[in-house]
2 protein chains.
Amino acid sequence: MTRKKVKLCYIANDSTRKVTFKKRKKDLLKKVSELSILCGIDACAIVYSPYNNQPDVWPSHHEVQRIVSQFQRMPEMEQSSWMVDQDRFLRQRIVKSNDQLIKQRKDSREK
Amino acid sequence: MTRKKVKLCYIANDSTRKVTFKKRKKDLLKKVSELSILCGIDACAIVYSPYNNQPDVWPSHHEVQRIVSQFQRMPEMEQSSWMVDQDRFLRQRIVKSNDQLIKQRKDSREK
DNA sequence: TTTTCTATTTATAATGT
DNA sequence: TACATTATAAATAGAAA
């Protein structure tokens, strides 16, 4: 993208790929942060890599958990708006169950 | 950032904020995609907004589910390596519980 | 309102140390 | 190997349509 318009495909060279990863990951997380602040919205990113056992995330691990569970409460089917009014009872059970999990994790941390 | 070095804080004006959101969200998801392709890694992003009921995500909803469940199986406490060997039973219960939730959702979809 | 334009800032690939 | 520099590509804020 500079000195040469890079082709968007897997970087074969190990050290080049690592350097690119580190730089782009940093800038990506910065962008997530900026979007969230500028627009006052919830956003998160999770980036796995062979260089860390743990993924790099934005914002904190804890906040990602919150946003992710919000995401998981809205099953894929709702997107296409089939079953929207059906199955309400079951979805409520899922939400409740998720809340319990979150509480469980919280308790576990505090222990 | 151009014509003026914008201050990194909540954009008060509604229409400006919406325009900025749409542009930056598009570019953010593009960046996630590029990082993933260039470096051959798993990454995902979830962006909520008041403009859509559903969050904007990258990659597909289904892939985000996969990455997110990978994330959730690695509790926060493991990061700081306190309680790593403690509390194993409880964590297993959480994982199991989570698996049940996923199965529940799957069943719900298939119903 | 939303889209297009563009001056300027930001990101970044290659190179240097 | 990792960090600093720099020339160029990409993103973008504000204005104009």
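A, B, ... follow the sequence lines: proteins, then strands. Residue 1 opens every chain.
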Notebook entry, point to check: Testing Lys7(A), Arg24(A), Lys31(A), Lys23(A) for salt bridge (Lys or Arg N to Asp or Glu O under 4.0 Å) with Glu34(B), which one passes?
Noted result: Arg24(A)
Notebook entry, point to check: To the nearest angstrom, how far is Leu28(B) atom CG from dT10(C) atom P?
Noted result: 17 Å
Notebook entry, point to check: Looking at Arg24(A), does any N or O in its side chain come under 4.0 Å of the phosphate oxygens OP1/OP2 on dA11(C)?
Noted result: no
Notebook entry, point to check: Reckon Lys22(B) has a side-chain N or O less than 4.0 Å from the OP1 or OP2 of dT2(C)?
Noted result: no
Next item on the list: Whole angstrom is fine here: how far is it from NZ in Lys26(A) over to C1' in dC3(D)?
Entry: 12 Å
Next item on the list: Identify, between Val19(B) and Asp27(A), the residue whose nearest nucleotide on DNA chain C lies closer to the 5' end.
Entry: Val19(B)
Margin query: Can you measure Lys7(A) atom NZ to dA13(C) atom C1' for me and round it to whole angstrom units?
Written below: 16 Å
Notebook entry, point to check: Side-chain N or O of Lys5(B) less than 4.0 angstrom from OP1 or OP2 on dT9(C)?
Noted result: no
Margin query: Quick check against the 3.5 Å criterion: does Asn52(B) have a side-chain atom that pairs as donor or acceptor with the backbone of Gln54(B)?
Written below: no
Check: Short question: side chain of Tyr10(A), backbone of Arg17(A) - any donor-acceptor pair under 3.5 Å?
Finding: no
Notebook entry, point to check: Tell me the salt bridge (charged side-chain N to carboxylate O under 4.0 Å, His left out) pairs involving residues 44-64 of chain B, sequence neighbours left out?
Noted result: Lys25(B)-Asp56(B), Glu63(B)-Arg66(B)
Notebook entry, point to check: Quick check: does any side chain N or O of Ser36(A) sit under 3.5 Å from a backbone N or O of Ile41(A), one acting as donor and the other as acceptor?
Noted result: yes
Check: Between Leu8(A) (CG) and dA11(C) (C1'), how many Å, whole number?
Finding: 15 Å
Notebook entry, point to check: Whole-Å distance between dA10(D) P and Lys31(B) NZ?
Noted result: 9 Å
Checklist line | Gap between atoms CG and C1', on Leu35(B) and dA13(C) respectively (whole Å) | finding: 15 Å
Item checked: Protein-nucleotide distance (Lys23(A), atom NZ; dA2(D), atom P), rounded to Å -> 13 Å
Note to self: Using a 4.0 Å heavy-atom cut-off, does Ser15(A) contact any base of the nucleic acid, only the sugar-phosphate backbone, or nothing at all?
What the structure shows: nothing
Check: Under 4.0 Å between a side-chain N or O of Lys30(A) and OP1 or OP2 of dA11(C)?
Finding: yes
Next item on the list: Send over the distance from Tyr51(A) OH to dT1(D) P, rounded to a whole Å.
Entry: 11 Å
Next item on the list: For Lys18(A) and for Thr16(B), locate the closest nucleotide of DNA chain D by heavy-atom distance; then report the residue assigned to the nucleotide nearer the 5' terminus.
Entry: Lys18(A)
Margin query: Over all strands shown, is Thr20(B) touching base, sugar-phosphate only, or nothing at heavy-atom distances under 4.0 angstrom?
Written below: sugar-phosphate
